[in-house]
There are 2 protein chains.
Amino acid sequence: MKNDYLKELGHLGMIARLKRLSDNMLYSIRDVYRIKNIDIEPNWHFVFLILKDHKTRTMSEMAEAFQLSQPAVVKIINKMKKRGYIDIVQDGHDNRKRQLRLSKKAVDLLPMFETIWSAGQLSIRQMLQDNEQFLAELESLEQQLQHKSFNERILTNLKCQEK
Amino acid sequence: MKNDYLKELGHLGMIARLKRLSDNMLYSIRDVYRIKNIDIEPNWHFVFLILKDHKTRTMSEMAEAFQLSQPAVVKIINKMKKRGYIDIVQDGHDNRKRQLRLSKKAVDLLPMFETIWSAGQLSIRQMLQDNEQFLAELESLEQQLQHKSFNERILTNLKCQEK
DNA sequence: TATATTTACTTAACTAGTTAAGTATTTAAA
DNA sequence: TTTAAATACTTAACTAGTTAAGTAAATATA
């Protein structure tokens with residue numbers, strides 16, 4: 001293990017370390033798909049699983065469920081459609097909406113994909129075995145930021161410092 | 001708080017939640033800089049601080065210290081140079097190397113920047129007050145992945161499942 | 001019923017990272 | 001001492017997200 005300046009920075013390095021960690025794991029997943037010759041990309045599993053649970057969902061429902069921006073969802077869905085995993089049906093009642101659902105190809109391949117995802121899930125569980133609270137603490141951070149955004153927190157602390 | 005499908009996914013949603021969290025905080029920092037009319041970008045503070053500590057550093061030394069790829073460092077440094085925060089001096093002993101150091105402008109503005117960074121640091125400490133182990137657990141994950149990469153872990157678990 | 005506002009989705013332009021491949025210099029080896 | 005390999009940096013092409021602005025349809029209002 002080489003020197004890690006971000007660790008030396010303590011709390012100030014946390015944000016970048018979180019990004020580094022999630023990037024690292026994301027690229028690993030991409031590698032696994034490549035090695036196993038699976039033609040999907042990381043993060044698509046959210047879409048597969050939510051459409052497995054709910055049959056159909058619109059773009060904005062997904063954006064809300066994942067707490068991602070709508071353009072982010074549009075990009076993911078367009079790629080998945082291009083590779084034949086998603087069928088898009090115009091909503092009969094509201095012509096603005098587009099109902100998304102899994103294609104036959106997606107439904108057929110889903111069980112195979114799920115073996116990969118559960119191996120990934122197991123890997124994470126194994127790494128967390130001694131510190132199962134990590135997810136709870138992650139949730140605590142999410143909730144606190146939901147309640148008061150990080151920039152508000154910084155600005156508040158800046159005002160206090162000025163005094 | 002709306003439904004959060006990533007939370008429902010448990011361990012499988014962790015990677016994306018880590019990204020979402022670090023993105024959220026990063027955008028907040030950008031907002032703070034904009035509000036305070038500060039002409040720097042998030043993550044530049046690593047560079048300011050490492051060059052404050054060590055006077056000069058090369059591109060590759062930085063890449064190693066931050067555990068980022070060299071192209072990532074090159075991009076950051078080029079932007080910082082363009083805005084006048086970094087001076088680049090060709091190394092006398094090795095013509096491949098470029099020694100980076102803070103410009104006068106950077107040194108002059110540094111104390112002001114540091115008030116912002118310490119407000120940010122304080123904000124993180126405040127959010128973590130009840131779960132100070134979060135950083136330790138983050139470090140544990142980093143170390144485990146250093147020891148055995150996430151894709152190796154997934155492939156190992158896949159093999160076990162097959163049996 | 002015509003107009004204004006909201007909602008659903010899309011597009012464009014941006015940030016922040018990656019890998020792969022290219023150039024130039026230095027070091028090691030035959 | 002010439003050649004091969006490694007190192008330092010750069011460039012190109014890609015992924016994954018953002019915000020801001022645009023279009024079309026639905027809803028609310030005067």
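A, B, ... follow the sequence lines: proteins, then strands. Residue 1 opens every chain.
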Check your understanding: What residues form a side chain to side chain donor-acceptor pair (under 3.5 Å) with A:Lys148, not counting sequence neighbours?
Key -> A:Thr156
Review point. Judged by modelled atom types alone, do A:Gln144 and A:Ser140 share a side-chain donor-acceptor pair under 3.5 Å?
Key: yes
**Study point:** salt_bridge(B:Arg20, B:Asp4) N-O dist < 4.0 Å
**Key:** yes
Point to revise | Any A:Ser69 side-chain N or O less than 4.0 Å from OP1/OP2 of D:dT18 | key: yes
Check your understanding: Under a 4.0 Å heavy-atom cut-off, which of residues 31-49 of chain A touch DNA chain D?
Key -> A:Glu41, A:Pro42, A:Asn43
Exercise for review: Ignoring hydrogens and angles, state whether a donor on the side chain of A:Gln99 or A:Asp87 is under 3.5 Å from an acceptor on the partner side chain.
Suggested key: no
Check your understanding: Which part of the nucleic acid, if any, lies within contact of B:Ser60, taking any heavy atom under 4.0 Å across all strands shown: a base, the sugar-phosphate backbone alone, or nothing?
Key -> sugar-phosphate
Point to revise | Rounded distance in Å - CE (B:Met62) to C1' (D:dC9) | key: 14 Å
Review point. Expressed in angstrom and rounded to an integer, what is the separation of B:Asn24 atom CG from D:dT18 atom P?
Key: 10 Å
Point to revise | Spacing between A:Arg30 atom CZ and D:dC14 atom P, to the nearest angstrom | key: 13 Å
Just the table, please: protein N/O against nucleotides 21-23 of chain D N/O, every pair under 3.5 Å.
none

Point to revise | Atom-pair distance (CD on B:Gln70; P on D:dA6), nearest Å | key: 16 Å
Check your understanding: Between B:Leu26 (CG) and D:dA16 (P), how many Å, whole number?
Key -> 18 Å
Point to revise | Which atom of B:Leu102 lies closest to which atom of B:Leu110, heavy atoms considered | key: CD1-CD2, 4.2 Å
Review point. Which residues pass the salt bridge (charged side-chain N to carboxylate O under 4.0 Å, His left out) test with B:Glu152, sequence neighbours left out?
Key: none
**Study point:** Between B:Asp53 and A:Tyr5, a side-chain donor and acceptor under 3.5 Å
**Key:** yes
Exercise for review: Write down the distance between CD1 (B:Ile29) and P (C:dT15), rounded to a whole number of angstrom.
Suggested key: 17 Å
Practice item. Provide the closest heavy-atom pair for B:Ile15 versus A:Ser22 in the form atom of the first, atom of the second, distance. Key: O-CB, 3.4 Å
Revision key, fill the gap. Side chain to side chain donor-acceptor pair (under 3.5 Å) filter on B:Asn24, not counting sequence neighbours, yields none
List the atom pairs, with distances to 0.1 Å, where a side-chain N or O of residues 69-80 of chain A and a protein N or O form a donor-acceptor pair under 3.5 Å, not counting sequence neighbours.
from    : atom 1 : to      : atom 2 : distance (Å)
A:Ser69 : OG     : A:Ala72 : N      : 3.4
A:Asn78 : ND2    : A:Val74 : O      : 3.4
A:Lys79 : NZ     : A:Glu41 : OE1    : 3.2

Exercise for review: Name all pairs fulfilling the ring-ring contact (aromatic ring centres under 6.0 Å, His included) condition that reach into residues 28-51 of chain B, sequence neighbours left out, sorted by first residue then second.
Suggested key: B:His45-B:Trp117, B:Phe46-B:Phe66, B:Phe48-B:Tyr85, B:Phe48-B:Phe113, B:Phe48-B:Trp117
Exercise for review: Figure out the CD/C1' separation between B:Gln99 and D:dC9, and round it to whole Å.
Suggested key: 13 Å
Study note, to complete from the structure: By nearest-nucleotide position on DNA chain D, the 5'-leaning member of A:Leu68 and B:Met59 is B:Met59
Review point. B:Met25 CE to D:dT18 C1': how many Å, rounded?
Key: 17 Å
**Study point:** Ranges pairing with ranges for DNA chain D, where each run has three or more Watson-Crick or G-U pairs under 3.5 Å
**Key:** C:1-30 with D:1-30
Check your understanding: side chain to side chain donor-acceptor pair (under 3.5 Å) with B:Lys19: which residues, sequence neighbours excluded?
Key -> B:Asp23
Point to revise | Nucleic acid contacts of residues 73-96 of chain B, taken as heavy-atom distances under 4.0 Å to DNA chain D | key: B:Val74, B:Lys75, B:Arg96
Practice item. Keeping to residues at least two apart or across chains, list the salt bridge (charged side-chain N to carboxylate O under 4.0 Å, His left out) pairs with something in residues 101-112 of chain A. Key: A:Lys104-A:Asp108
Practice item. Name all residues meeting the side chain to side chain donor-acceptor pair (under 3.5 Å) criterion together with B:Arg30; count only those two or more places apart in sequence or in a different chain, and write none if there are none. Key: none
